[in-house]
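What follows is one structure encoded as structure tokens, with my remarks underneath.
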Amino acid sequence: MGFTIGGTRILSGSRRRGARATECTVVAEYTGLWGWDVVPGARAASGRCSCGDPACSAPGAHPLGFAPEVPAGSTLDTVTDVWSRFPGAALLLPVGRAFDVLEVAETAGRRALVRLERMGLPLGPVCVTPTGRAQFLVAPGAAAELPRLLYRMGWDDADLDLRCLGPGAHITAPPSDHGGLGPCRWLRPPSLDAGAPPQARLLLGTLAYICHRSGM
């Protein structure tokens, strides 16, 4: 399946990857195909951040403060114009706009994903990081609702390795490197058939249960 952005045919899925898509076409796919804003981010090597701050608290895992955001809907020409000024920048996605993120340990996330797929529940993209985390993209507003949802489900007193990222946070988007530790990858890639990200409440019970079992 493909999509036309700025007069250029963009291939999705494995065909796009096989075509050795450039950073610009990947960013254009995120903005034009999935409707996500993209922010140029810092990179890290040998523990040093490309932002130039020797005391950087998050090397290679934060936006470049001087770089403009590429808004959702941007064409390939617009993306190329911006990204050419920041070659090698990491692809960061702002959280709290098109989606929030439920984050758990990768092992728990993989187990939960299998169970959720068997249950036939609606799912959005799922990303895994080189730090061993699984990030489930859910409908925005989840971060604010999380304490109430956990309380209603009886998980508010449990010691769960589960958190929700909301407005102000960013995640590193595949195939970018995260903090000099390696690339992020899609465990469940975006799909044209998936529609809007699911409500967090639909996934939270399964994620919380598996996180609880994993911690026993």
Listing request: all side chain to side chain donor-acceptor pair (under 3.5 Å) pairs with a residue in residues 85-99, at least two apart in sequence or in separate chains.
Asp37-Arg97, Glu69-Arg97, Asp81-Arg85

Give a yes or no on whether Leu192 and Leu187 share a hydrophobic cluster (residues Ile, Leu, Val, Met, Phe, Trp, Tyr; joining criterion: side-chain heavy atoms under 4.5 Å apart).
no

In this structure, CG of Leu92 is separated from OG1 of Thr172 (nearest 0.5 Å) by 5.0 Å

Any chance you could measure Glu106, atom CD, to Arg185, atom CZ, to the nearest 0.5 Å?
6.0 Å

Verify same cluster id: Leu116, Val104 (apolar side-chain graph, 4.5 Å):
yes

If hydrophobic clusters are built by linking Ile, Leu, Val, Met, Phe, Trp and Tyr wherever their side-chain heavy atoms come under 4.5 Å apart, do Tyr209 and Tyr151 end up in the same one?
no

Throw together a table of side-chain donor-acceptor distances under 3.5 angstrom for residues 120-142, partners on residues two or more places apart or in other chains.
unit_1, atom_1, unit_2, atom_2, d
Thr129, OG1, Thr131, N, 3.2
Thr129, OG1, Thr131, OG1, 2.6
Thr129, OG1, Arg133, N, 3.3
Arg133, NE, Glu103, OE2, 3.1
Arg133, NH1, Asp161, OD1, 3.2
Arg133, NH1, Asp161, OD2, 2.9
Arg133, NH2, Asp161, OD1, 3.0
Gln135, NE2, Glu103, OE1, 2.9

Could you tell me which non-hydrogen atom of Pro40 sits nearest to which non-hydrogen atom of Pro68, and how far apart they are?
CD-O, 3.2 Å

Decide whether Leu165 and Leu162 are clustered together by the hydrophobic rule: side chain heavy atoms of Ile, Leu, Val, Met, Phe, Trp, Tyr closer than 4.5 Å, transitively.
no

So which atom in Leu76 and which in Ala28 form the shortest heavy-atom distance, rounded to 0.1 Å?
CD1-CB, 3.7 Å

Inter-residue atom distance Leu149.CG - Leu202.CG, 0.5 Å rounding
10.0 Å

Taking side chain to side chain contact (heavy atoms under 4.5 Å, CB included) as the criterion, tell me which of Asp156, Asp100, Leu204 meets it with Leu146.
Leu204

If you group Ile, Leu, Val, Met, Phe, Trp and Tyr by side-chain heavy-atom gaps below 4.5 Å, do Val95 and Leu102 land in one group?
no

So, does Ser50 use its side chain to make a donor-acceptor pair with the main chain of Arg43 at under 3.5 Å?
yes

With rounding to the nearest 0.5 angstrom, report the CZ to SG distance, Arg111 to Cys211.
9.5 Å

Decide if atom CZ of Arg115 counts as having more than 12 heavy atoms of other residues, nucleotides or ligands within a radius under 6.0 Å.
no

Can you tell me how far OH of Tyr30 sits from OG1 of Thr25, rounded to the nearest 0.5 angstrom?
10.5 Å

pair Leu207-Leu160: side-chain heavy atoms closer than 4.5 Å
no

Is there a side-chain contact between Phe99 and Ile171 in this structure, where contact means two heavy atoms from C-beta onward sitting under 4.5 Å apart?
yes

What distance do Leu203 atom CG and Met119 atom CE have between them, rounded to the nearest 0.5 Å?
9.5 Å

Return a table of donor-acceptor pairs under 3.5 angstrom between the side chains of residues 53-67 and protein atoms on other chains or two or more places apart.
unit_1, atom_1, unit_2, atom_2, d
Asp53, OD1, Ala55, N, 2.9

Is there a donor-acceptor contact under 3.5 Å from the side chain of Ser74 to the main chain of Thr31?
no

Please report the shortest heavy-atom distance between Cys24 and Val79, naming the atom on each side.
O-CG1, 3.4 Å

What pair of heavy atoms forms the shortest contact from Ala90 to Asp177, and how long is it?
CB-O, 4.3 Å

Shortest non-hydrogen contact from Met153 to Arg201?
CE-O, 3.5 Å

Ignoring hydrogens, what is the shortest heavy-atom contact between Ala108 and Ser214? Give both atom names and the distance.
CB-OG, 4.0 Å

